[in-house]
A.B. asks: 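Below are the structure tokens for one structure; questions will follow.
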Amino acid sequence: DVALLERTLGDLVEDVGRRLRKAGKYAGLAKLKLRWKDFTTITRQVPLTPPRCDDFCLRAAAQELFATQKLIAPVRLIGFGVGQLSLQSAGQLNLFEASGTPQRVEAVSRAVDAIRKKFGAGAILSASAKLAPPK
């Protein structure tokens, strides 16, 4: 069921993002792992430039990786991870981009983490598996 796989992937992305923010780290690489019924396993990855830790960017990377894969057999395992960790985002803001946009997106993800910690995981739910970054 593709919808179930997308929801599961979204939950995995949120968990990875929450752990990144808690550790104060940024990911420079997003990775998707799929294992088929016969235990054949594939991994795909995409760079994150600049390194990010917000759910919106991580979700977009995960969706991009998942969308490029043909589901050739029943899926036994789906996984999402990150790599190339750093202690700070090394990116420089674009002069023409709204000031602080990456920081605002990260702040939204941190606020969601705080609400879920205080009121429980069900306090804020994703409306769908395809979230766009806030404007």
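In this text, all values refer to a predicted model and were calculated from it rather than measured experimentally.
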A.B. asks: List the steps and the verdict of salt bridge (Lys or Arg N to Asp or Glu O under 4.0 Å) for Arg7 and Asp11.
C.D. replies: CA-CA 6 Å; Arg7 282 193 308 274; Asp11 291 343; over 6 Å; no

A.B. asks: With distance as the sole test, does Thr41 use its side chain to make a donor-acceptor pair with the main-chain N or O of Phe39 at under 3.5 Å?
C.D. replies: yes

A.B. asks: About how many Å separate CD of Glu64 and CZ of Arg59, when rounded to the nearest 0.5 Å?
C.D. replies: 15.0 Å

A.B. asks: State, yes or no, whether a side-chain contact exists between Arg44 and Gln69 at a heavy-atom distance under 4.5 Å.
C.D. replies: yes

A.B. asks: Heavy-atom distance under 4.5 Å between the side chains of Lys33 and Leu77, does that happen here?
C.D. replies: yes

A.B. asks: Is any side-chain heavy atom of Arg76 less than 4.5 Å from a side-chain heavy atom of Lys37?
C.D. replies: no

A.B. asks: Do Asp55 and Arg21 have side-chain heavy atoms sitting under 4.5 Å apart?
C.D. replies: yes

A.B. asks: Are the side chains of Arg18 and Lys22 in touch, meaning some heavy atoms are under 4.5 Å apart?
C.D. replies: no

A.B. asks: Can you list the other members of the hydrophobic cluster that holds Leu5, where links are side-chain heavy atoms under 4.5 angstrom apart?
C.D. replies: Val2, Leu9, Leu12, Val13, Val16, Leu20, Leu32, Leu34, Trp36, Ile42, Val46, Leu48, Leu58, Leu65, Phe66, Leu71, Ile72, Val75, Ile78, Phe80, Val82, Leu85

A.B. asks: Minimum heavy-atom separation for Cys53 to Lys25, with atom names?
C.D. replies: CB-O, 3.4 Å

